[in-house]
There are 2 protein chains.
Amino acid sequence: MAYRETEKMRNRKVQTRKRILECAFERVTSGGFRSAQITHVAKAAGVATGTIYRHFESKEELFAEIFRTATQREVDKVAEALAGPGDAVARLEAALRQFAARALRGPTMAWSLIAEPVDPRVEAERLLYRQAYAEHFEKAINEGIESDALPTQNARQSSTCLVGAIAESLVGPLSPAQSGNSQALSQTTQTQLVESIVCFCIQGLTGTRR
Amino acid sequence: MAYRETEKMRNRKVQTRKRILECAFERVTSGGFRSAQITHVAKAAGVATGTIYRHFESKEELFAEIFRTATQREVDKVAEALAGPGDAVARLEAALRQFAARALRGPTMAWSLIAEPVDPRVEAERLLYRQAYAEHFEKAINEGIESDALPTQNARQSSTCLVGAIAESLVGPLSPAQSGNSQALSQTTQTQLVESIVCFCIQGLTGTRR
DNA sequence: ATAATAAGTGAATCATTATTCATTTCTTGT
DNA sequence: ACAAGAAATGAATAATGATTCACTTATTAT
């Protein structure tokens, strides 16, 4: 006998896989899933198209993984903000700001994650992650209710509304039809946008004017 | 000379166009845009595929028209509710209920209009209509502010949040992954869903607990 | 060096559908 | 009935892009 899988080869495979993922990621970051055709990704990663299929079941699977990675990153940031200092309201507010700010900083990827039309496989992932966001918010809302920082409410439902309100508010500004045109939103406009979102959402949660 | 376009023919053309539109509409209603291939639509309408192209520039154009028709219907209903009796808050609440109730009554079409992945041409239409909803809400909010039924706020932004909150709250329940499975949401669940949405939204607008 | 095995290649293939267009059928006015 | 035009037809084509697979190259152990 002769060839036996070795550490070196295992590493190399992992590296290649990672490189493909990174290049595809980059492509999505700059032009959305739509612009990440296998041929292009392969070229960018310096491998043959066939090689992609040695590392991923299908394009949808590759995309799903990109989606997961990118969204998990955002979910983590939100979770982080929710775990920060202050009472429930302050933490929820911080999380909303975090979410919006990051989306505006990386508009193309944000749009891809929030609103770009994608294959069913990836859409399923999106649905899952929207729930992940909602769950984090829900937890904080429940804490708020317990500590009397928030009035009694359907925490799950409120959290879904939060996700929806913020996503919708960003879809317009993020959508390629808008952000594709030269000038991005001015700093001022962005700030106002975030302020109004936060204002509405916190009111929706607390039922009190600030 | 001989053939000259006549009233009869003009009528027939209009009829055919309408029939194509209706059949495509029906198809979308029962299975989303995805399931409305030209071949199927043609068969359903009892015409050849080529005939579709005598009446519509392209599939996307046909879809865009279906989208417009269907959404305009919903926008009108919302506008109607907003023009009803009561103060601004009551009317906004009625509009939200109307929107949610209709979506839950026709879940597949609602999902197609709100969240189904569609071609860019149709996506553009969707963006436009989301703004149409927002504009109607915005108007009512401004009236509410003037009559002191609502506190001062960024009406445009609040209206966008309304649209987002309600859409997001419905996407989960409407999505084929959910509603595709046999049993639709129970009456009770639906009512609770609508109540919580309305509650959050009205609080977001008024800043007061009810 | 060689055999055994795996990884990599990329042109060719496949799959899916929208769209076209040469041909046929239908309408109309004389 | 006939000719001029318009509308309808649907099989063939086009376009897009994912996926395959026969073949080449690389790695390992003896």
Side-chain angles (χ1 to χ4, degrees), chain A residues 1-21 23-24 27-28 31-67 116-123, chain B residues 1-21 23-24 27-28 31-67 116-123:
Chain A
M1 77 229 69
Y3 185 94
R4 197 49 43 90
E5 184 176 67
T6 180
E7 193 60 26
K8 175 186 163 196
M9 281 313 271
R10 223 165 345 216
N11 277 351
R12 184 187 294 186
K13 273 185 79 172
V14 170
Q15 283 312 111
T16 304
R17 191 177 195 283
K18 200 186 288 182
R19 190 149 36 86
I20 292 169
L21 220 33
C23 291
R27 191 98 199 173
V28 174
F33 287 103
R34 188 108 196 290
S35 80
Q37 290 106 320
I38 293 290
T39 326
H40 294 162
V41 172
K43 190 164 293 178
V47 297
T49 59
T51 303
I52 304 241
Y53 289 87
R54 304 220 156 249
H55 294 274
F56 299 90
E57 189 64 29
S58 66
K59 191 189 77 151
E60 300 207 352
E61 214 53 53
L62 166 61
F63 278 12
E65 188 157 341
I66 292 171
F67 193 97
E116 183 179 2
V118 290
D119 287 315
R121 177 72 187 74
V122 180
E123 185 67 28
Chain B
M1 77 229 69
Y3 185 94
R4 197 50 42 89
E5 184 177 65
T6 179
E7 193 59 25
K8 176 187 162 195
M9 282 313 273
R10 225 166 342 219
N11 276 352
R12 185 188 293 185
K13 273 184 79 172
V14 169
Q15 283 312 112
T16 305
R17 191 178 196 281
K18 199 186 287 180
R19 189 149 37 85
I20 293 170
L21 221 33
C23 292
R27 191 98 198 173
V28 174
F33 287 103
R34 187 107 197 289
S35 81
Q37 292 106 319
I38 292 289
T39 325
H40 294 163
V41 171
K43 191 164 292 178
V47 297
T49 58
T51 304
I52 303 238
Y53 289 86
R54 307 220 148 246
H55 294 274
F56 300 91
E57 189 64 29
S58 67
K59 192 189 77 151
E60 299 207 352
E61 214 54 52
L62 167 62
F63 278 12
E65 188 157 341
I66 292 170
F67 193 97
E116 183 179 2
V118 290
D119 287 315
R121 176 72 186 74
V122 181
E123 185 67 30

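Letters go in sequence order (proteins before strands), and every chain restarts at 1.
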Rounded interatomic separation in angstrom, taking CZ from B:Arg4 and P from D:dG5 = 8 Å
Supply the atom-to-atom distance B:Arg12 CZ to B:Thr6 OG1, rounded to the nearest 0.5 angstrom.
-> 10.5 Å
A:Arg19 CZ to C:dA7 C1': how many Å, rounded?
-> 13 Å
Distance in angstrom units between B:Leu62 CG and C:dA18 P, rounded = 10 Å
Quick one: does A:Arg54 reach the base of C:dA7 with a side-chain donor-acceptor pair under 3.5 Å?
-> no
Can you tell me which residue pairs pass the side chain to side chain donor-acceptor pair (under 3.5 Å) test with a partner in residues 55-67 of chain A, sequence neighbours excluded?
-> A:Arg17-A:Glu65, A:Glu61-A:Arg121
So, with a heavy-atom separation below 4.0 Å from DNA chain D, the residues of residues 38-49 of chain A are A:Ile38, A:Thr49
Please work out which residues in residues 7-16 of chain B have a non-hydrogen atom less than 4.0 Å from an atom of DNA chain C and list them by number.
-> B:Lys8, B:Met9, B:Arg12
Can you name the ring-ring contact (aromatic ring centres under 6.0 Å, His included) partners of B:Phe33, sequence neighbours left out?
-> B:Phe63
d(CZ, B:Arg17; P, D:dA7) in whole Å = 14 Å
Any side-chain N or O of B:His55 under 4.0 Å from OP1/OP2 of D:dA8?
-> yes
Could you state the interatomic distance from CE (B:Met9) to CG (B:Asn11), rounded to the nearest 0.5 Å?
-> 10.5 Å
Taking side-chain contact (heavy atoms from CB on, under 4.5 Å) as the test, write out the residues that go with A:Thr39, two or more places apart.
-> A:Thr49
Starting at CD1 of A:Ile52 and ending at P of D:dC21, how long is that distance when rounded to a whole Å?
-> 18 Å
Distance col, row A:Lys18:NZ vs A:Thr16:OG1, nearest 0.5 angstrom, shows 11.0 Å
Return the set of residues passing side-chain hydrogen bond (donor to acceptor under 3.5 Å, both in side chains) with A:Glu7 (not counting sequence neighbours), or none when no residue passes.
-> A:Arg10
Please work out if A:Thr51 contacts a base, only the sugar-phosphate, or nothing of the nucleic acid, heavy-atom cut-off 4.0 Å.
-> base
Take atom OH of A:Tyr53 and atom P of C:dC14, then tell me their distance rounded to the nearest Å.
-> 16 Å
Atom CZ of B:Phe56 and atom P of C:dT20: how far apart are they, to the nearest Å?
-> 15 Å
Calculate the interatomic distance between B:Glu57 atom CD and C:dA18 atom C1'; express it in whole Å.
-> 13 Å
Pairwise distance CZ(A:Arg34) to CZ(A:Arg27) - rounded to 0.5 angstrom = 12.5 Å
Residue from B:Leu21, B:Val41, B:Val122 passing side-chain contact (heavy atoms from CB on, under 4.5 Å) with B:Ile66 | B:Leu21
